[in-house]
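We use all heavy atoms of the structure for the numbers below, so side chains are in, but hydrogens, waters and symmetry mates are not. If you're wondering where the values come from, they're calculated on a predicted model, not measured in any experiment. Lettering follows sequence order; numbering is per chain, from 1.
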Amino acid sequence: MFNLKKISEFAYELPEDQSMKVPGIIYINDTLLKNFTNDEPIKQVRNVASLPGIVKASIAMPDIHMGYGFPIGGVAAFDYDNGIVSPGGVGYDINCGVTLIKTNLKYQEVRNKIADIIENLYKSIPAGIDHKSSLRLNQQSLSNILSEGIYWALENGYATENDMLNTEESGKIECDASYVSEKAMARGINELGTLGGGNHFLEIQRVSSIMDDKTSKMFGMEPDQVTIMVHTGSRGLGHQVATDFITEILNSGEGIKNENDKQLTSVYISSKIGQRYINSMNAAANFSFVNRQIITYKIRKVFEETFKRDYESLGMDILYSLAHNMAKQEYHIIENTKRKLLVHRKGATRAFPAGVAEGKFSSTGYPVIIPGDMGTASYVLVGTQENMKNSFGSSCHGAGRVLSRKASNEKFTPESVLRELNDRGIYIRAATKKVITEESPESYKDIDEVIKVVNGANIARPVLKLTPLAVMKG
DNA sequence: ATGTTC
């Protein structure tokens with residue numbers, strides 16, 4: 001087991017190691033450290049610290065758990081000219097992320113309709129594996145989605161200008177989408193507007209407490225307001241892009257091998273493979289932005305039918321739609337020098353504060369949306385100035401698993417989890433029994449404790465807390 | 001996460 005050095009109440013440093021080019025820092029406290037049953041995630045932080053061109057530190061957020069190569073909850077930035085890009089540092093679900101939709105409805109107005117709404121959402125939005133979209137896309141439309149992102153949704157009536165402004169990167173990352181394989185395209189063409197499975201979900205929530213009144217007001221949010229949260233990504237298309245490039249890099253001889261972990265494969269950003277991966281990753285990210293937008297469109301339709309009012313009069317604006325599995329080209333100040341970096345956030349959220357965030361969020365900072373588990377709570381936060389220096393303006397992305405899916409399935413029964421949710425007044429519609437046990441609240445770390453570390457380590461400040469009323473799982 | 005083992 002690693003002998004971690006406590007550097008503050010909310011941060012630990014890995015012991016020095018000859019392989020490490022930079023320090024390894026984990027933002028965590030004693031309580032959350034007790035969740036570790038093995039040191040694999042910590043080894044992954046160490047392995048990332050050995051990669052060429054890494055800048056400042058290999059960082060992990062309090063929701064850290066084991067991933068492919070890089071830990072989930074990991075942040076690592078590489079010099080754009082001399083550093084690497086790693087598909088495992090982005091994750092298989094490229095631009096997996098969260099959209100939070102506001103309403104002007106209060107809890108009292110929806111409480112008797114919750115079950116109907118979820119059942120109608122379940123009919124309207126395909127969920128789980130092998131549930132195909134009702135949208136019929138042709139190849140040209142799919143190509144446009146990959147290169148134009150939300151602009152395609154805007155042109156086709158699925159998005160408004162406002163939706164675009166409320167989406168990270170305005171829902172479009174510049175890229176040459178022609179490198180995306182036919183196989184990835186074939187998997188994606190029937191999956192637009194589908195939720196997927198596993199930890200992906202759709203939730204109806206209410207604002208249960210406000211920690212930052214001023215920012216909440218600026219976000220247009222108040223106590224007992226009803227919100228809808230969507231967590232999904234780029235589906236089979238992004239998964240195939242990741243698979244394609246991991247396979248190609250491993251077979252190419254260009255991959256930078258890591259003696260500690262064969263899975264931790266990467267290539268230089270400047271290499272041809274690296275450039276093709278970055279373009280393909282960005283295309284998959286655009287697909288994911290559109291996927292969440294189409295789901296938003298379908299949610300609005302269901303609410304319009306339920307309340308017999310149009311979605312604008314229901315106040316159904318997107319607060320924000322963000323990515324938490326991406327590598328992004330960004331400029332950061334490192335030792336008084338502005339440097340061009342590729343910031344890998346794998347299960348980590350961009351958290352630029354006021355003054356660094358752009359557009360309509362320049363005076364608040366971008367909303368940082370952190371879902372907990374399906375039985376507990378989620379949070380909206382904003383980043384801090386101090387954290388721009390510490391972790392490239394990044395926050396954690398969720399509670400983080402504490403039990404593996406396998407362990408969860410062995411430990412819980414669907415009936416016990418359903419009873420628990422029912423006792424808490426949470427209505428659930430799940431595609432399979434297995435996902436109910438896999439995603440049991442006890443499979444995740446305590447979100448309140450994770451937020452305590454995020455706040456204590458000055459990563460981000462809590463703005464408001466959301467409590468689930470009903471959940472749909474794929 | 002994932003046409004849940006090309």
Side-chain angles (χ1 to χ4, degrees), chain A residues 41 44 63-74 86-99 126-135 137 142 180-202 230-251 263 280-281 284-285 287-289 291-292 295 322-327 344-349 371 373-374 397-401 403-410 414 430-439 443-444 472-474:
Chain A
Q44 292 186 323
D63 54 347
I64 177 174
H65 55 287
M66 195 178 69
Y68 179 99
F70 282 50
I72 296 163
S86 172
V90 172
Y92 273 91
D93 191 2
I94 295 165
N95 188 5
C96 185
V98 188
T99 300
I129 272 174
D130 206 26
H131 283 72
K132 298 302 179 193
S133 176
S134 53
L135 262 74
L137 283 183
L142 181 58
V180 175
S181 71
E182 282 181 21
K183 196 171 176 185
M185 304 263 290
R187 285 179 70 172
I189 201 159
N190 292 316
E191 290 182 329
L192 199 66
T194 66
L195 190 67
N199 67 5
H200 289 169
F201 67 82
L202 189 160
V230 180
H231 177 219
T232 186
S234 50
R235 310 286 291 103
L237 186 142
H239 192 275
Q240 190 62 45
V241 168
T243 303
D244 286 343
F245 280 92
I246 287 169
T247 308
E248 186 181 343
I249 292 168
L250 287 172
N251 292 335
Q263 293 190 332
S280 302
M281 170 191 66
F287 182 85
S288 185
F289 284 133
N291 190 35
R292 286 195 292 273
I295 290 173
L322 61 79
H324 58 216
N325 272 12
M326 277 297 286
H344 291 62
R345 295 189 182 91
K346 179 183 187 178
T349 306
D373 61 73
M374 65 182 176
H397 85 308
R401 288 200 80 95
L403 292 174
S404 70
R405 287 160 205 222
K406 189 165 175 280
S408 298
N409 288 331
E410 286 164 2
T432 63
K433 285 198 168 182
K434 202 172 152 193
V435 79
I436 297 172
T437 45
E438 264 182 19
E439 291 290 308
S443 303
Y444 285 88
M472 164 176 154
K473 296 287 292 181

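Relative orientation of the His344(A) and Phe70(A) rings is parallel, given thresholds of 30° and 60° on the angle between their planes.
Between dA1(B) and Arg405(A), a contact under 4.0 Å exists linking OP1 or OP2 to a side-chain N or O. Taking 4.0 angstrom as the limit, Asn325(A) places none of its side-chain polar atoms (N or O) nearer than this to OP1 or OP2 of dA1(B). Contact between the side-chain N/O atoms of Arg235(A) and the OP1/OP2 oxygens of dA1(B) is not found at any separation under 4.0 Å.
With rounding to whole Å, Lys406(A) atom NZ is found 19 Å from dT2(B) atom C1'. In this entry the distance linking NE2 of His200(A) with P of dT4(B) reads 16 Å, nearest Å. For Tyr92(A) and dA1(B), the OH to P distance is 14 Å, given to the nearest whole Å. Spacing between atom CD1 of Ile246(A) and atom C1' of dT2(B) amounts to 12 Å, rounded to whole angstrom units. Remark: P of dA1(B) and CD of Gln263(A) are 16 Å apart, rounded to the nearest angstrom. One can place CG of Asn291(A) at 15 Å from P of dA1(B), the figure rounded to the nearest angstrom. Atom pair Arg401(A):CZ and dA1(B):P shows a separation of 7 Å (rounding to whole Å applied). Residue Glu248(A) contributes atom CD, which lies 16 Å from atom C1' of dC6(B) at whole-angstrom precision.
Of the listed nucleotides (dA1(B), dT4(B), dC6(B)), dT4(B) has the atom at the smallest distance from the side chain of Lys434(A).
Evaluation of the side-chain contact (heavy atoms from CB on, under 4.5 Å) rule for Met66(A) yields Glu40(A), Pro41(A), Gln44(A) as partners, not counting sequence neighbours. The salt bridge (charged side-chain N to carboxylate O under 4.0 Å, His left out) check on Lys183(A) picks up nothing, with sequence neighbours excluded.
Nucleic acid contact for Glu191(A): sugar-phosphate only, since backbone atoms but no base atoms lie under 4.0 Å from a heavy atom of the residue. Residue Gly91(A) is classed as having no contact, given no heavy-atom separation below 4.0 Å to the nucleic acid. No engagement by Gly233(A) is indicated, since no non-hydrogen atom pair under 4.0 Å with the nucleic acid exists.
Between the side chains of Arg345(A) and Thr349(A), no donor N or O sits under 3.5 Å from an acceptor N or O.
Side chain of Thr232(A) to main chain of His200(A): no donor-acceptor pair is present (N/O by atom type, distance under 3.5 Å, no hydrogens or angles).
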